[in-house]
Amino acid sequence: MSEPAKILVIFGTRPEAIKLFPVVAALRADPRFTPVVCVSAQHRGMLDQVLEIAGLVPDYDLDLMKPDQTLDGLTAALLTGLGQVMDKVQPARVMVQGDTATAMAGALAAYYRKLPVDHVEAGLRSGNIYHPWPEEVNRKVIGTIAALHFAPTEVSAAALKAENVDPAQIHVTGNSVIDALHWVSARIAANPAMAGGLDALKERFAGKRIIGVTSHRRENFGEGMQQIAEAIRRIAARPDVAVIFPVHLNPNVRKVMNAELAGLDNVALIEPLDYPHFAHLLGLAEIMLTDSGGVQEEAPALGKPVLVMRETTERPEGVTAGTARLVGTRADTIVTEIFNLLDDKAAYEQMARAHNPFGDGQTARRIVELLAHEIGQQA
Ligand code: UD1
Ligand code: UDP
């Protein structure tokens with residue numbers, strides 16, 4: 001066998017870390033590869049929560065996060081920093097995931113060095129460059145550059161084909177978020193204390209129907225966040241309901257939610273949860289209300305109805321399967337949809353069916369085999 005291929009795996013935010021730690025583990029376990037992990041640390045605390053749980057120590061940490069960072073400042077720093085790491089590591093290939101600034105800049109810096117780029121979670125498209133913003137353009141840039149496109153579903157593979165990507169470069173692998181979810185669920189089952197930090201809240205809200213909330217989308221800042229806060233205030237006015245809301249560390253989210261919701265009896269505004277605790281919250285919640293991408297994938301896998309506070313989604317699979325519904329960011333609509341699910345058992349039952357359109361938990365293994373094939377190293 002020839003020398004193991006050096007794969008530079010780049011990520012920077014919480015969801016990228018969640019979706020890439022299973023792939024890094026699979027690469028590490030395979031003698032055909034030497035993965036080198038570089039984190040931009042576009043996120044800091046929320047990234048470190050995942051690194052710790054996954055036991056992943058990066059080889060390079062650019063520590064780039066700045067409070068309330070701008071897209072241009074962040075992107076400039078990413079291009080320079082990631083380029084320097086590539087020059088030092090001299091990898092055979094570069095791997096990025098999803099559609100963050102880190103992923104886009106990583107792909108671009110690799111392209112400037114004519115390094116092949118492998119894109120995990122390729123082909124998600126909403127068709128609107130401002131929803132989600134700036135992710136729709138980030139992933140199109142990566143899609144233009146990538147050598148291999150690991151599409152989670154047939155829907156995302158079809159979107160790439162419609163953009164004239166060579167079908168031979170597209171592989172439907174599932175989404176590695178399901179690998180991560182399986183991994184964390186098994187860990188919690190073996191050691192429930194891992195998610196014990198929610199016990200006090202469970203006691204406080206005993207007998208109430210839990211709604212889990214997350215929100216962070218840039219295109220929802222301002223009026224959208226105000227409307228979301230107003231909706232939560234009205235939902236939590238019901239005595240039978242409790243809202244558990246781990247608040248994203250972005251100051252544009254925190255300012256609004258703290259100002260509008262702090263101190264309400266039926267609302268717990270809490271710090272971002274580590275992955276085992278968040279997986280546990282997914283289990284406790286009767287309904288998830290979110291603008292997150294990852295939660296739209298995890299909730300259907302667990303049969304939790306998910307109301308998506310966006311105008312469009314690049315993940316139509318959950319909507320098609322019936323577990324997800326787009327509700328936008330108008331308070332009136334959000335409240336109506338939540339009350340409908342709370343009060344109409346049949347409507348709830350119709351949404352609360354487990355579907356796994358996003359994968360079977362074997363995505364990381366598939367990606368590693370496809371990569372081995374690509375570099376000419378068969379098992
Ligand atoms: C980023 C991604 C988005 C992804 C989201 C996942 C871009 C442009 N955006 O959005 O695609 O869906 O992550 O959560 O790449 N902050 C902290 N600590 C942290 C993380 C963030 O304090 O651990 C604060 C900082 O003030 C930071 C701000 O949040 O400047 C924004 O972080 P940034 O990564 O730029 O954007 P997100 O909105 O988190
Ligand atoms: N998540 C977490 N703790 C939290 C909220 C979310 O671990 O307090 C996880 C969640 O399970 C999912 C991912 O973070 O896997 C989603 O991240 P986020 O919503 O920040 O980003 P997006 O998926 O929208 O890019």
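Numbering of ligands and ligand atoms starts at 1, following listing order. By convention here, the first residue in the shown sequence is residue 1. Just so it is clear, the structure is predicted and the values come from calculations on it, not from any experiment.
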Participant: Would you mind running through ligand 1 and noting each atom that sits below 4.0 Å from a heavy atom of Thr100?
Facilitator: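 Answer, ordered by atom number: 11 (O), 15 (O).
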Participant: Would one find an N or O of Gly45, backbone or side chain, under 3.5 Å from an N or O of ligand 1?
Facilitator: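 For ligand 1, there is an N or O atom that lies under 3.5 Å from one belonging to Gly45.
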Participant: Taking ring-ring contact (aromatic ring centres under 6.0 Å, His included) as the test, write out the residues that go with His149, two or more places apart.
Facilitator: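 If we apply the ring-ring contact (aromatic ring centres under 6.0 Å, His included) test to His149, skipping adjacent residues, there are no hits.
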Participant: Who are the ring-ring contact (aromatic ring centres under 6.0 Å, His included) partners of Phe21, not counting sequence neighbours?
Facilitator: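 ring-ring contact (aromatic ring centres under 6.0 Å, His included) check on Phe21 returns Trp183.
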Participant: Closest non-hydrogen protein atom to atom 33 (P) of ligand 1, residue and atom name please, with distance?
Facilitator: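 Ranked first by proximity to atom 33 (P) of ligand 1 is Gln69 NE2, 3.2 Å.
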Participant: To which of Arg315, Glu298, His43 does the heavy atom nearest atom 12 (C) of ligand 2 belong?
Facilitator: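 That would be Glu298.
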Participant: Could you check which of Glu16, His248, Arg44 puts a non-hydrogen atom nearest to atom 19 (C) of ligand 1?
Facilitator: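 Going through Glu16, His248, Arg44 one by one, Arg44 has the nearest heavy atom to atom 19 (C) of ligand 1.
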Participant: Between Arg218 and ligand 1, is there a nitrogen or oxygen pair with a distance under 3.5 Å?
Facilitator: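 Yes; at least one N/O pair falls below 3.5 Å.
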Participant: Could you please spell out the steps behind the salt bridge (Lys or Arg N to Asp or Glu O under 4.0 Å) verdict for Arg217 and Glu219?
Facilitator: CA-CA 5 Å; Arg217 301 259 13 108; Glu219 65 274 14; 2.9 Å; yes
Participant: Answer yes or no: is there an ion pair linking Asp68 with Lys255, defined by an N-O contact shorter than 4.0 Å?
Facilitator: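 Salt bridge flag = no for Lys255 with Asp68.
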Participant: Counting each atom of ligand 1 from 1 as listed, which ones have a heavy atom of Asp68 under 4.0 Å away?
Facilitator: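 Selected atoms, number and element: 25 (C), 26 (O), 27 (C), 30 (O).
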Participant: Using a 4.0 Å heavy-atom threshold (strictly under), name the region of Lys19 that reaches ligand 2: side chain, backbone, both or neither.
Facilitator: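 None of Lys19 does.
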Participant: I want to know if ligand 1 touches Met46 in the polar sense, i.e. an N/O pair below 3.5 angstrom.
Facilitator: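 Such a contact does occur with ligand 1.
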Participant: Using a 4.0 Å cutoff against the non-hydrogen atoms of Met65, which atoms of ligand 1 qualify?
Facilitator: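 Within the 4.0 Å cut-off of Met65, ligand 1 contributes 16 (N), 17 (C), 18 (N), 19 (C), 20 (C), 21 (C), 22 (O), 25 (C).
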Participant: Check Glu135 against ligand 1 and report side chain, backbone, both or neither, counting heavy atoms closer than 4.0 Å.
Facilitator: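 Within the 4.0 Å criterion, Glu135 contacts ligand 1 through side-chain atoms alone.
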Participant: For ligand 1, which atoms have a heavy atom of Arg217 less than 4.0 angstrom away?
Facilitator: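 Once the distances to Arg217 are compared, the set is 12 (O).
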Participant: Just jot down the ligand 1 atoms closer than 4.0 angstrom to any heavy atom of Pro251, in number order.
Facilitator: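 It comes down to these atoms of ligand 1: 24 (C), 26 (O), 29 (O).
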Participant: For atom 21 (O) of ligand 2, which candidate among Pro15, Ala279, Ser215 provides the closest heavy atom?
Facilitator: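 Going through Pro15, Ala279, Ser215 one by one, Pro15 has the nearest heavy atom to atom 21 (O) of ligand 2.
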Participant: Are any of the N or O atoms of Ala101 closer than 3.5 Å to those of ligand 1?
Facilitator: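 Yes - when backbone and side-chain N and O of Ala101 are compared with those of ligand 1, one distance drops under 3.5 Å.
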Participant: Salt bridge between Arg139 and Glu136, side-chain N to carboxylate O under 4.0 Å?
Facilitator: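 Here Arg139 pairs with Glu136 in a salt bridge, since their nearest N and O are under 4.0 Å apart.
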Participant: Just which atoms of ligand 1 are under 4.0 Å from any heavy atom in Leu71?
Facilitator: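 Listed by number with element, the hits are 8 (C).
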